[in-house]
Structures are given as C-alpha cells and as structure tokens.
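We use all heavy atoms of the structure for the numbers below, so side chains are in, but hydrogens, waters and symmetry mates are not. For reference, positions follow the sequence shown, starting with 1. All values reported here derive from a predicted model rather than from experimental measurement.
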Amino acid sequence: MKIAVTYDNGEVFGHFGHTEQFKIYEVENGVIKSAEVVPTNGSGHGALAGFLASRGVDTLICGGIGMGAKNALAEAGIMLFGGVSGDADKAVEELLKGTLSFNSDAACSHHHEHGEGHDCGSHDHGCGGHSCGQ
C-alpha cells in the first residue's frame, strides 16, 4: 500500500491542486516502512492524479479538493480521504488505525479567478472541474 499526503512543512496541505509536494508512505501489514517527500514539479489539478498513479499510490489524504480532481483520482483507482488537516504523519497513523477523521464531501473552499470567466466556487463544478493547470 502506498499512501500520499498533500504536504507542507509537516502538515496536510489544504488544497490538492496547489500542493507543491506529497509525502508518500510505503505501508506493509499496517506498518509504515518508509516515507519520502516528493515535489510535484508544478503539476496541477487533474495532472496530479497521474503523477500519483505513476508512483504506485493507491490512497490519498488531503485537505480541500475539487470535483475534477476527485474524478481523476477515482479514474486512477486512488482512494480519497479529504477534508483532513493537521500533522501529516499523524493522519497516516490514524488512517492505518481506522480512526482518521475525514470529510468525504471535502471541496476547495476558496474562491479565485482562473481566467475563464468563472471561479472555483461556481455552483456546478469545483476546482479541477475544468482545464486549469493542464
């Protein structure tokens, strides 16, 4: 099992599509065997699902995430635990124990303009529900 966490200075980063790095944990028999911080090299939104899949990740812990990215993760077969905040290592340990508090409806809560004449808070799509960053 490989678990990725959106990562910033030891914490779960709050926006999947803007994370600059992931901490990827290798887990065997419910125990963390290794972990490494991997830069995304500027990949954004939907491209990050492919980035994770190419590294064998099957589970993601993150803060906010939009519908387009959720769909891309689902298509890549990556299980999502969104709406998580706090210490990244602790979040993984809680996931392995079955005690992680997450929100399956987590969405990006910011409102910023992408230049296509709409913002991420529009009623019919979330961040990544369009071609931002691709």
Side-chain angles (χ1 to χ4, degrees):
M1 175 181 211
K2 279 194 177 179
I3 302 170
V5 180
T6 53
Y7 192 75
D8 183 42
N9 198 29
E11 301 285 312
V12 177
F13 185 69
H15 184 164
F16 172 77
H18 289 204
T19 193
E20 294 182 5
Q21 55 192 1
F22 289 100
K23 189 166 184 180
I24 299 177
Y25 301 78
E26 182 84 38
V27 177
E28 289 180 21
N29 301 318
V31 177
I32 299 169
K33 295 294 183 184
S34 64
E36 67 173 321
V37 177
V38 179
T40 63
N41 299 320
S43 297
H45 290 101
L48 290 173
F51 176 90
L52 294 173
S54 72
R55 284 161 177 75
V57 169
D58 52 40
T59 305
L60 171 70
I61 297 172
C62 68
I65 184 167
M67 280 307 299
K70 283 183 183 182
N71 292 339
L73 290 166
E75 288 174 19
I78 298 173
M79 187 180 306
L80 171 64
F81 294 88
V84 178
S85 61
D87 183 87
D89 293 343
K90 184 178 177 195
V92 171
E93 290 168 10
E94 289 176 354
L95 176 67
L96 295 174
K97 288 190 264 181
T99 61
L100 180 65
S101 177
F102 67 97
N103 177 357
S104 59
D105 294 323
C108 57
S109 58
H110 65 289
H111 298 274
H112 61 265
E113 187 70 32
H114 284 286
E116 297 96 345
H118 62 268
D119 65 14
C120 283
S122 296
H123 67 282
D124 61 348
H125 68 274
C127 285
H130 44 78
S131 61
C132 289
Q134 293 185 13

Can you name the nearest heavy-atom pair linking [X] to [Y], along with the distance?
X     : Y     : result
Pro39 : Phe51 : O-CZ, 3.2 Å
Ala49 : Ala76 : O-CB, 4.4 Å
Ile78 : Val57 : CG1-O, 3.5 Å
Leu80 : Cys62 : CD1-SG, 3.7 Å

[atom2] on [Y] to [atom1] on [X], rounded to 0.5 Å:
X      : Y     : atom1 : atom2 : answer
Lys70  : Leu60 : NZ    : CG    : 11.5 Å
Leu100 : Phe81 : CG    : CZ    : 7.0 Å
Ile61  : Lys23 : CD1   : NZ    : 11.5 Å

Taking the inter-plane angle between the rings of Phe16 and Phe22 on a 0 to 90° scale, is it parallel (under 30°), tilted (30 to 60°) or perpendicular (over 60°)?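 It falls in the tilted class, 30° to 60°.
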Answer yes or no: is there a donor N or O on one side and an acceptor on the other, between the side chain of [X] and the main chain of [Y], under 3.5 Å?
X     : Y     : answer
Asp87 : Asp89 : yes
Thr59 : Met79 : no
Lys2  : Ile24 : no

**Hydrophobic cluster identity match, Tyr7 and Phe102, side-chain contacts under 4.5 Å** =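 No, it is not one cluster - the side chains of Tyr7 and Phe102 are not joined through contacts under 4.5 Å.
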Below 4.5 Å, heavy atoms only, C-beta onward: do [X] and [Y] meet side chain to side chain?
X     : Y     : answer
Leu48 : Thr6  : no
Asp58 : Met1  : yes
Gln21 : Phe13 : no
Val84 : Val5  : no

### Query
Would the number of heavy atoms belonging to other residues, nucleotides or ligands and lying under 6.0 Å from CD of Glu26 be above 12?
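Enclosed.
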**Request:** Start with the C-alpha distance between Ile32 and Leu96, add both sets of side-chain angles, then the distance that settles side-chain contact (heavy atoms from CB on, under 4.5 Å), and finish with yes or no.
**Result:** CA-CA 9 Å; Ile32 299 169; Leu96 295 174; 3.8 Å; yes
